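Quick caveat: nothing in here was measured; it's all calculated off a predicted structure. Lettering of chains follows the sequences in order, A, B, ..., and the numbering in each one begins at 1.
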Amino acid sequence: MESIPVEHGLILAAILFSIGLIGVLTRRNIVFVLMSLEIMLNAGGLAFIVAAARWGHAEGQIMFLMILTLAAAEVAVGLGLIIQMFRRYKTVDINVLSEMKG
Amino acid sequence: MIALFYIAAIIAVIATVAVILQTNIVHGLLYLILSLLAVAVIFYVLGAPFAAVLEAIVYAGAIMVLFLFVIMMLNLGQHTRDQERKWLTPRGWIAPSIMSAILLGQLVNVMRQIDYDIVPAQVGVMEVSALLFGPYVLAVELASILLLAGLVAAYHLAKTK
């Protein structure tokens, strides 16, 4: 039976997470920042699925479902905030929000 | 099956890199959907068909459609694309890339020490659902409350004054 080394799956998750992190740090468009956050959450879910396959259990898939729920709720709230921001400032540049500093 | 894993992994990495390099939001979103579908294939290869289907339906379907609706609502045109080109200077990429590369190097270094081969065995819908509605039923209820909170918050935030 062919097999996949578990570290390859985890390294793939780490690579996707790092790419998402670069996106969050670099982009100034808030929609791209939210998309990069999605990439990072998805990489976390991938790590859980790889761990589930490592132990042959279903618990990892349940954790993935929780991450899926979290991502859905986060996107709903985040997109609501983006719409509100666009209404107020007419731009998607996150730097305009720096005036919120206390 | 093992070749499928590596092909899907390469597609996922390339598509994800393409997402953060795009200047056009809709193109970035399409690349993100491609990346999520590649990850769904990886889930299937790793023996998690339920997670693979949910990834395709909920992530690549529902969440990305939500993004698409908001992008259409914002109606960002050529102006934003030009602005994006101006923002994406090569200098801005250097520091985040170096920091992320260091983090990735550390993670890879830790993970290389794990030495175990997965022989993918299908863990189907039945095992997952038996656990979901058995010992993890409280987590399911909490997830539903989280979704309800997200719904209320999104309604309140996106409301016009």
Side-chain angles (χ1 to χ4, degrees), chain A residues 1-12 14-16 18-23 25-29 31-32 34-36 38-39 42 46 49-50 52-54 56-62 64-66 68-77 79-84 86-87 92-93, chain B residues 1-2 5 9 12-13 16-17 19-20 25 28 32 36 39 42-43 46-48 50-51 54 58-59 63 66 70-71 73-74 76 80 84 87 92-93 96-97 100 103-104 107-108 111-112 114 116-121 123 127-128 131-132 136 139 143 146-147 149-151 153-154 157-158:
Chain A
M1 182 79 191
E2 56 209 337
S3 60
I4 300 161
V6 69
E7 61 265 29
H8 288 184
L10 289 175
I11 287 170
L12 173 66
I15 290 171
L16 290 181
S18 303
I19 295 171
L21 187 60
I22 294 174
L25 292 174
T26 313
R27 302 303 299 237
R28 275 175 70 183
N29 187 330
V31 182
F32 273 104
L34 202 58
M35 272 156 69
S36 303
E38 285 303 302
I39 295 170
N42 192 45
L46 176 62
I49 294 288
V50 173
R54 156 71 175 87
H57 284 176
E59 268 95 348
Q61 294 192 40
I62 289 167
F64 173 73
L65 290 188
M66 296 304 141
L68 203 71
T69 320
L70 181 73
E74 179 242 337
V75 161
V77 174
L79 288 174
L81 284 169
I82 289 177
I83 291 174
Q84 197 59 254
F86 196 75
R87 251 189 224 130
V92 282
D93 181 5
Chain B
M1 277 306 241
I2 187 159
F5 174 82
V13 171
T16 312
V17 170
V19 172
I20 63 167
I25 296 182
L32 186 53
L36 293 173
V39 173
I42 291 171
F43 286 175
L46 287 174
F50 188 46
L54 278 181
V58 178
Y59 245 121
I63 296 180
L66 207 61
V70 169
I71 290 167
M73 247 178 99
L74 297 184
L76 308 165
T80 323
E84 280 289 318
W87 286 343
W93 289 95
S97 301
S100 295
L103 181 67
L104 179 64
L107 285 172
V108 169
M111 283 162 188
R112 256 197 337 197
I114 309 167
Y116 189 89
D117 284 350
I118 302 171
V119 179
V123 180
E127 288 95 326
V128 178
L131 277 178
L132 266 183
Y136 290 100
L146 180 68
L147 280 176
L151 174 74
L157 286 171

- Query: Any side-chain heavy-atom pair from B:F5 and A:H8 closer than 4.5 angstrom?
  - Reply: yes
- Quick one: pull up CG in A:L46 and CG in B:L46 and give me the separation to the nearest 0.5 Å. 7.5 Å
- Task: Could you pull out the closest heavy-atom pair between B:L147 and A:A72, with the gap in Å?
- Result: CD2-CB, 4.2 Å
- Item | Closest approach of B:G150 to A:A76 (non-hydrogen atoms, all atoms of both residues) | O-CB, 4.3 Å
- Message: Measuring from atom CD1 of A:I39 to atom OG1 of B:T16, what distance do you get when rounded to the nearest 0.5 angstrom?
- Response: 5.5 Å
- Task: Output the option from A:N42, A:T69, A:L21 having the highest count of non-hydrogen pairs under 4.5 Å with chain B.
- Result: A:N42
- Query: Any idea which heavy atoms bring B:Y116 and A:R54 closest together, and the distance?
  - Reply: CD2-CD, 3.2 Å
- Note on the structure: Greatest number of non-hydrogen atom pairs under 4.5 angstrom with chain B, of A:L81, A:L25, A:V6, falls to A:V6
- Which portion of B:V58 sits near chain A, non-hydrogen atoms under 4.5 angstrom: side chain
- Between the CD1 atom in B:I114 and the CG atom in A:L10, the distance rounded to the nearest 0.5 Å is 5.0 Å
- Inter-residue atom distance B:F50.CZ - A:F64.CZ, 0.5 Å rounding: 10.0 Å
- Note on the structure: Here the pair of heavy atoms bringing A:A58 nearest to B:V128 is CB-CG2, 4.0 Å
- Please determine, among A:T26, A:I83, A:V75, the option with the most heavy-atom pairs under 4.5 Å with chain B. A:T26
- Query: Do the side chains of A:S3 and B:I118 get nearer than 4.5 Å, heavy atoms only?
  - Reply: no
- Task: For residues B:V39 and A:L16, determine if any side-chain heavy atom of one lies less than 4.5 Å from a side-chain heavy atom of the other.
- Result: yes
- Okay, A:E74 and chain B: the region with an atom under 4.5 Å from a heavy atom over there is neither
- Item | A:L65 portion near chain B, given a 4.5 angstrom heavy-atom threshold | side chain
- Are any of the side-chain heavy atoms of A:Q61 and B:F43 separated by less than 4.5 Å? no
- Any sub-3.5 Å donor-acceptor pair from A:R27's side-chain atoms to B:I20's backbone N or O? yes
- Validation row: A:V92, B:I25 side chains within 4.5 angstrom (heavy atoms): no
- Query: Is it the backbone or the side chain of B:M73 that comes under 4.5 Å from a heavy atom of chain A, or both, or neither?
  - Reply: side chain
- With a 4.5 angstrom heavy-atom cut-off, could you sort out which part of A:A14 is near chain B: side chain, backbone, both or neither? both
- Message: So which atom in A:M66 and which in B:A139 form the shortest heavy-atom distance, rounded to 0.1 Å?
- Response: CE-CB, 3.7 Å
- Item | Residue selection (most heavy-atom pairs with chain A, distance under 4.5 Å) from B:L107, B:L151, B:L132, B:L36 | B:L132
- Which atoms of A:M35 come close to chain B, meaning under 4.5 Å heavy atom to heavy atom: side chain ones, backbone ones, both, or neither? both
- Query: For the side chain to side chain contact (heavy atoms under 4.5 Å, CB included) test, which of A:I82, A:L79, A:V77 pairs with B:L157?
  - Reply: A:V77
- Item | Interatomic distance, B:L74 atom CG to A:R87 atom CZ [nearest 0.5 angstrom] | 9.5 Å
- Task: Provide the closest heavy-atom pair for A:I49 versus B:A48 in the form atom of the first, atom of the second, distance.
- Result: CG2-CB, 4.1 Å
- Task: Using side chain to side chain donor-acceptor pair (under 3.5 Å) as the criterion, list what pairs up with A:R28, not counting sequence neighbours.
- Result: A:D93
